[in-house]
Amino acid sequence: MDNKYNYKQYEEELYTFWEQKGYFKAQVNPQKESFSIILPPPNANADLHLGHAMYVYEDVMIRYNKLRGKAVLWLAGADHAGIETQFVYEKHLKKKGKSRFDFDRETLFKDIWDFVMQNRGTMENQLRRLGFALDWSNKKFTMDDDIVQVVYKTFKDLYDEGLVYRANRLVNYCTSCGTSFSDLEVADKELKGTLYYISYPLASGKGHITVATTRPETMFGDVAVMVHPEDKRYQDMIGKSVRLPLTEREIPIIADEYVDPKFGTGAVKVTPAHDFNDFEVGQRHKLDLTIVIDFAGKMQKTGIVDGIYFTKARKIVLEKLEQEGLLEKTKDHDMVIGTCYRCGTVLQPLPKEQWFINVQPLKEKAIELVKKDAVSVHPKRFKSQLIRILENFIDWNVSRQIVWGIRIPAYKCISKDEWFISTDKPDACQICGTCNFIQDDDTFDTWFSSAQWPFATLQTISKKYFDYFYPTSVMETGYDILRAWVSRMIMIGYYETKAVPFEHVFLHGMVRDAKGQKMSKSKGNVINPLDMIDKYGADALRAALIFGTKEGGDVVLSEDKIRSMRNFGNKVWNVGRFIYMNRTEAKQGDNEHLNEKDSKTLISLQKEFATVEKKYHKHFEKFEFAKAFDLSYDFLWHRFADMYIEQLKGSMQTGNMEVRNELERVYKSCLKMLHPYMPFVTEAVWQQYHSRENSILD
RNA sequence: GGGCGUAUAGCUCAGUUGGCUAGAGCGUUACAUUGACAUUGUAAAGGUCUCAGGUUCAAGUCCUGAUACGCCCACCA
């Protein structure tokens with residue numbers, strides 16, 4: 001054995017060995033207990049980052065359970081990542097001086113498909129570099145035909161049960177990306193805005209009412225002015241009407257408790273087509289939806305600023321109001337505004353017909369399941385958070401106006417102007433039977449398919465797989481997607497299978513830099529996992545992400561820490577080397593008898609190790625993986641190596657086989673404890689003791 | 001405004017049902033080493049465990065309050 005562990009010599013070879021020998025291939029075996037995890041599918045088109053490296057917790061669980069003799073499955077997969085990928089592809093087009101509008105739908109889709117397929121291998125190889133014991137034999141992609149069929153079935157099931165509806169509602173629309181988003185994808189941004197006080201003259205000509213607004217340009221879409229019903233200042237005005245400035249239109253003054261009398265002037269302009277709250281007020285009071293901004297963010301039907309982008313229109317409107325003496329004053333106003341999480345454009349609330357899922361019955365069931373721990377959450381503190389997330393869920397807009405996604409299987413009957421859902425491409429209109437029906441252009445929100453991932457993957461592999469491995473054992477992911485993903489998997493998973501999609505949820509934290517800051521490209525503090533693997537080995541990176549952390553807490557990662565874990569890997573190797581050397585070099589018979597001191601030391605070692613081993617398994621039961629690792633680390637290095645071996649090394653070197661064999665026995669048990677965390681070095685040593693054909697996983 | 005989390009060595013963090021003489025990694029200092037490992041070993045320095053009360057034989061740990069920081073959600077005309 002070399003006097004150093006050279007990871008470069010082993011990692012690639014060992015991974016190939018494991019894969020070729022089929023160690024990662026799941027085997028349905030009714031004699032054994034099953035243990036399954038579905039990998040949260042990384043974006044097929046993007047490189048891995050450190051967040052993905054955190055899936056090492058899944059590998060830890062998988063390898064641990066495999067060593068415990070269970071039939072394990074860790075299923076590999078990839079996500080089409082709808083908007084993310086289309087966005088990247090559009091950038092790619094832009095470099096070539098083109099845009100997505102230069103292509104028809106089919107061509108664009110096919111081009112993106114090819115683009116993604118070209119890049120997909122990169123991500124998969126990176127997962128291999130991390131040493132992940134993934135079953136590649138049944139890998140899945142969110143746009144595989146069979147997966148799409150499952151997604152279609154779910155949508156139709158929901159539709160048939162009346163849980164899918166089409167409605168003209170306000171959506172968060174990005175005029176730059178050209179698509180709507182669900183409320184979860186809106187990025188709030190604080191900015192210093194201005195509150196404009198505008199005078200609306202009463203229609204009677206006597207007096208006026210002043211409204212305060214941050215968006216004067218939307219005034220052309222105003223359909224009312226609203227005050228609080230008990231506001232004394234405006235009692236005599238309720239029911240009267242005002243003339244909308246710059247127009248000839250008259251709109252009523254209404255009363256609604258939504259108004260906060262202390263804000264602004266206590267009078268609000270109501271613009272149902274361009275404001276979420278106003279939309280609700282509009283519904284309550286049955287007001288019109290007067291649309292004055294189009295999907296490009298340009299004004300329409302104003303008679304004054306038509307075709308002008310809303311920000312520029314705002315300036316013009318303000319000038320005109322000022323000219324007419326209707327702009328009373330302005331005031332600085334800190335506000336929070338919804339922006340596109342992808343491109344940063346200010347999102348427009350715009351009315352658009354979309355498909356919505358009524359989540360009410362789904363979330364009630366999900367809450368019940370979480371409350372009674374049918375899905376149990378680790379660490380515990382996330383349980384209440386998950387319940388609250390579910391309670392606050394509002395109906396889910398699943399329509400996206402992009403090409404890269406699963407096209408919604410909804411068809412419109414032209415002659416009757418009605419919709420029908422069909423999982424297969426229909427031959428004839430299912431409503432009138434004769435018309436040239438058309439398919440909805442929209443695609444599903446990526447999360448709609450992701451929400452079905454655990455059962456969709458297993459069902460499409462085989463019924464045998466599904467029956468044996470579902471519900472899956474654990475869903476492991478970052479706490480940041482508890483809302484977007486975990487909650488929806490529980491809702492949709494239970495709806496379709498009448499079983500929980502996973503029995504446990506384990507949430508890991510975010511990776512931060514040595515100063516505790518989030519990693520981001522703009523800060524330049526991003527650590528590339530692959531660079532670290534090249535430099536220190538996969539085991540070192542894996543160990544650094546787990547060592548000394550608290551479950552579910554954020555991980556502070558520095559290169560120093562990775563280096564120190566590399567040193568530990570070397571320690572593991574050298575402890576093995578030392579014991580191994582003495583097997584081959586010891587002169588048997590020189591020192592056959594255990595002396596009393598050694599005998600005592602061995603008993604103490606056995607006792608201590610038994611305690612450690614017991615604690616180790618206890619930690620696993622409680623999903624305390626970092627503690628189990630810290631414990632193994634400390635035992636191997638500071639107790640076993642620093643103390644026991646030091647005390648016993650004389651006897652071992654002079655050929656006492658009883659001492660040596662006991663050291664080897666405990667050491668090999670340590671290797672198994674460490675294997676889930678540092679699979680390469682532990683396997684490399686194991687094979688030194690046995691042969692290149694053996695595995696620690698046997 | 002609501003919820004959650006965190007405050008412990010220079011830095012990053014552990015510290016399970018209260019038993020601590022408070023630990024680890026990195027960093028610092030001294031010494032050692034052709035002897036399994038310098039990717040090492042031995043040792044040292046470094047802490048009123050954020051603050052103020054309380055419960056207890058005993059509090060870093062439990063309770064109450066305060067302060068600071070972080071995250072999530074809601075509202076914002």
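Being a predicted model, the structure only gives us computed values, none of them experimental. Every chain is numbered from 1, with letters handed out A, B, ... down the list of sequences.
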Please assess A/Trp573 against A/Phe578 for the test ring-ring contact (aromatic ring centres under 6.0 Å, His included), listing each intermediate value before the final yes or no.
CA-CA 9 Å; A/Trp573 173 268; A/Phe578 188 45; over 10 Å; no
Just checking A/Lys615: base, sugar-phosphate only, or nothing, at a heavy-atom cut-off of under 4.0 Å?
base
Could you identify which residues of residues 623-634 of chain A place a heavy atom less than 4.0 Å from some atom of RNA chain B, listed by residue number, or say none?
A/Lys627, A/Tyr633
Short side-chain N/O contact to B/G15 OP1/OP2 from A/Lys550, under 4.0 Å:
yes
How would you list, by chain and number, every residue that makes a ring pair (Phe, Tyr, Trp, His ring centres under 6.0 Å) with A/Phe623, sequence neighbours excluded?
A/His378, A/His504, A/Phe625
Expressed in whole Å, how much space separates the P atoms belonging to B/U56 and B/U12?
38 Å
Whole-angstrom distance between B/C37 and B/A32, as gauged at atom C1':
15 Å
Any base atoms under 4.0 Å from A/Val211, or only sugar-phosphate, or nothing? Heavy atoms, all strands.
nothing
In whole Å, what separates the P atom of B/G53 from that of B/G47?
23 Å
Who pairs with A/Arg169 by salt bridge (Lys or Arg N to Asp or Glu O under 4.0 Å), at least two apart in sequence or on another chain?
none
Quick one: A/Ile337 CD1 to B/A74 C1', roughly how many Å, whole number?
17 Å
Could you tell me whether A/Arg483 contacts a base, only the sugar-phosphate backbone, or nothing, with contacts defined as non-hydrogen atoms closer than 4.0 Å?
sugar-phosphate
Would you say the ring centroid of A/Phe506 lies under 6.0 angstrom from that of A/Tyr57?
yes
Are any protein N/O atoms closer than 3.5 Å to N/O atoms in nucleotides 1-4 of chain B? If there are, list each pair with its distance.
| from | atom 1 | to | atom 2 | distance (Å) |
| --- | --- | --- | --- | --- |
| B/G3 | O2' | A/Arg388 | NH2 | 2.5 |

In whole Å, what separates the C1' atom of B/G15 from that of B/U61?
9 Å
Under 4.0 angstrom, heavy atoms only, what part of the nucleic acid is A/Gly548 near: base, sugar-phosphate, or nothing?
sugar-phosphate
Is the distance between the ring centroids of A/Tyr616 and A/Phe635 less than 6.0 Å?
no
If the P atom of B/C49 is compared with that of B/G60, how far apart are they to the nearest Å?
7 Å
Using nucleotides 40-42 of chain B, report all nitrogen or oxygen pairs with the protein that are shorter than 3.5 Å.
| from | atom 1 | to | atom 2 | distance (Å) |
| --- | --- | --- | --- | --- |
| B/U40 | OP1 | A/Asn567 | ND2 | 3.3 |
| B/G41 | OP1 | A/Trp637 | NE1 | 2.4 |

Counting only Watson-Crick pairs (N1-N3 plus N6-O4 or O6-N4) and G-U wobbles (N1-O2, O6-N3), all under 3.5 Å, who is the partner of B/A36?
none
When you compare B/G41 with B/G5, how far apart are their C1' atoms, in angstrom units rounded to a whole number?
40 Å
Atom-pair distance (CD1 on A/Ile645; P on B/C37), nearest Å:
13 Å
Base, sugar-phosphate alone, or nothing: which one does A/Tyr258 contact when heavy atoms must sit under 4.0 Å apart?
sugar-phosphate
Nearest whole Å is fine: how far is B/G23 C1' from A/Phe547 CZ?
11 Å
Answer for the Watson-Crick or wobble partner of B/A30, both distances under 3.5 Å, is B/U42
For B/A58, give its Watson-Crick or G-U wobble partner with both distances under 3.5 Å, or none.
none
Between P on B/A74 and CD1 on A/Ile389, what's the gap in Å once rounded to a whole number?
10 Å
Would you mind pulling out the nucleotide paired to B/G65, Watson-Crick or G-U wobble, both distances under 3.5 Å?
B/C51
Need one value for A/Val270: base, sugar-phosphate or nothing, where a base atom within 4.0 Å counts as base even if backbone is also close, heavy atoms only.
nothing
Output the rounded distance in Å from CZ (A/Phe578) to P (B/A36).
5 Å
Check the distance between B/A36's C1' and A/Met652's CE and give it to me in whole angstrom.
8 Å
C1'-based separation of B/A66 from B/U29 [nearest Å]:
40 Å
Spacing of the C1' atoms in B/C71 and B/A58 (rounded, Å)
36 Å
For A/Met335 and for A/Lys4, locate the closest nucleotide of RNA chain B by heavy-atom distance; then report the residue assigned to the nucleotide nearer the 5' terminus.
A/Lys4
Can the ring centroids of A/Tyr644 and A/His638 be said to lie less than 6.0 angstrom from one another?
no
Take the protein atom NZ of A/Lys8 and the nucleotide atom P of B/U39, then report the distance between them rounded to whole Å.
15 Å
Within this structure, what is the CG-to-C1' distance between A/Leu636 and B/C37, rounded to whole angstrom?
12 Å
Just checking A/Lys269: base, sugar-phosphate only, or nothing, at a heavy-atom cut-off of under 4.0 Å?
nothing
So, with a heavy-atom separation below 4.0 Å from RNA chain B, the residues of residues 677-687 of chain A are none
